[in-house]
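One structure is given here, and the rest of the page talks about it.
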Amino acid sequence: MQSTQFDRIARRISTILSVVILTLCLIYFSTGVLLAFYYEPTAGGAYNSLKMINTQVPYGWLFWRAHNIAGNGVIAIALMQIVVMFLGRQFRNSWLTAWVSGILLTLSAIGLDWTAMILDWTQVGYWRFNIELGTIEAIPFIGGQLREILTGGGAINTVTVEHLYTIHSYLIAVATLILAIVHLSALLWQEWEMYQEGPKPEVDNLPQLSEAKFIPSQS
């Protein structure tokens, strides 16, 4: 009975964390759309446009800060939720759907952070991405092709920023939002199954009222 109660608590915590993840994904997606109006995905314009957003655009610094906090928050809470879901694991279709979508959601959130490392075009991001490219190129068979896709061929330049901006904004961001919705739906499905399996009152043990006998009145 104690293990069952622990599993119910773990599943409820997973559902709450999934709601938080979806909320952060919506904040990340919406602030990203607002930033895209002023962001310039070029080698020189990326840094200048983000500087302009932080200093000249009204509330631009707030949207930029919320965008970064939401992205890092999705990764942190998604990793926490994986641990909670593992502790309250139930080998059924709803749990399996939530588990797989949660893993993919975590990977996509990490992918968002990885593709954004060079979008600000700073020295730290540039050299970090340069090191990462060396690691990717060392992958057998497909390393060279992956480097060509990311950089657009040759050195890190404007084409590289455009490729990563496209992957970041139009592919991984949309996939992350869809996975967050699927993940929450699977956990709500699990909650519904938990409610269906809950203890129900036994009708046979309820006290039954004795039938009253009708006695006609004598006039």
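Here, residue 1 is the first one in the sequence, and each next residue gets the next number. Computed from a predicted structure; not experimentally measured.
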Item to check | side chain to side chain contact (heavy atoms under 4.5 Å, CB included) between Met52 and Glu40, intermediate numbers included | outcome: CA-CA 11 Å; Met52 180 191 67; Glu40 182 181 350; over 6 Å; no
Checklist entry - What do the steps show when you test Val19 against Leu22 for side chain to side chain contact (heavy atoms under 4.5 Å, CB included), and what is the final call? => result CA-CA 5 Å; Val19 174; Leu22 180 58; 5.9 Å; no
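When Val20, Leu187, Ile16 are each tested for a side-chain contact (heavy atoms from CB on, under 4.5 Å) with Gln81, only one passes: Leu187. Across Ile149, Thr151, Leu150, a single residue satisfies side-chain contact (heavy atoms from CB on, under 4.5 Å) together with Arg147, and that is Thr151.
In this structure, Asn72 CG and His67 NE2 are separated by 10.0 Å, a value rounded to the nearest 0.5 Å. Distance check, rounded to the nearest 0.5 Å: CG of Leu119 to OG1 of Thr160 gives 11.0 Å. Between atom OG of residue Ser108 and atom CG of residue Asp113 there is a gap of 12.0 Å, rounded to the nearest 0.5 Å. To the nearest 0.5 Å, atoms CG (Leu107) and CD1 (Ile75) are separated by 10.5 Å. Within the model, atoms CD1 of Ile178 and CG of Leu104 stand 12.5 Å from one another, a figure rounded to the nearest 0.5 Å. If you take OG1 on Thr15 and CD on Gln190, they are separated by 6.5 Å, rounding to the nearest 0.5 Å.
Side-chain heavy atoms closer than 4.5 Å link hydrophobic residues (I, L, V, M, F, W, Y) into clusters, and following such links, even through other members, never connects Ile69 to Leu24. Hydrophobic clustering (side-chain heavy atoms under 4.5 Å, transitive across Ile, Leu, Val, Met, Phe, Trp, Tyr) groups Leu26 together with Leu35. Residues Ile27 and Phe29 are members of separate hydrophobic clusters, defined by side-chain heavy-atom contacts under 4.5 angstrom among Ile, Leu, Val, Met, Phe, Trp and Tyr. Hydrophobic clustering (side-chain heavy atoms under 4.5 Å, transitive across Ile, Leu, Val, Met, Phe, Trp, Tyr) groups Ile77 together with Leu179. Cluster annotation: Ile103 is not connected to Leu112 through the hydrophobic network of ILVMFWY side chains, with a link wherever side-chain heavy atoms come within less than 4.5 Å.
Pairing each heavy atom of Ile82 with each of Gly102, the nearest pair is CD1-O, 4.5 Å. Minimum interatomic distance between Ser169 and Val174 (heavy atoms only, all atoms of both residues): O-CG2, 4.2 Å. Closest approach of Leu105 and Ile21 over heavy atoms only: CD2-CG2, 3.6 Å. Considering every non-hydrogen atom in both Ala109 and Val74, the closest pair reads CB-CG1, 3.6 Å. Residues Ile139 and Leu146 come closest through the heavy atom pair CD1-CD1, 4.3 Å. When all heavy atoms of Phe129 and Ile156 are compared, the closest pair comes out as CD2-CD1, 3.6 Å.
Taking the six-membered ring where tryptophan is involved, the planes of Trp121 and Tyr126 are perpendicular, since the angle between them exceeds 60° and thus also 30°.
For Ser18 (side chain) and Ser14 (main-chain N/O), no donor-acceptor pair under 3.5 Å exists by modelled atom type. The main-chain N or O of Gly60 is never found under 3.5 Å from a side-chain atom of Tyr38 such that the two would form a donor-acceptor pair. Under a 3.5 Å cut-off, the side chain of Thr31 and the backbone N or O of Tyr28 do form a donor-acceptor pair.
Between Leu34 and Ser30 there is no side-chain heavy-atom pair separated by less than 4.5 Å. No side-chain heavy atom of Val57 sits under 4.5 Å from any side-chain heavy atom of Phe37. When side chains are defined from C-beta on, Val159 counts as touching His163, because their heavy atoms get closer than 4.5 Å.
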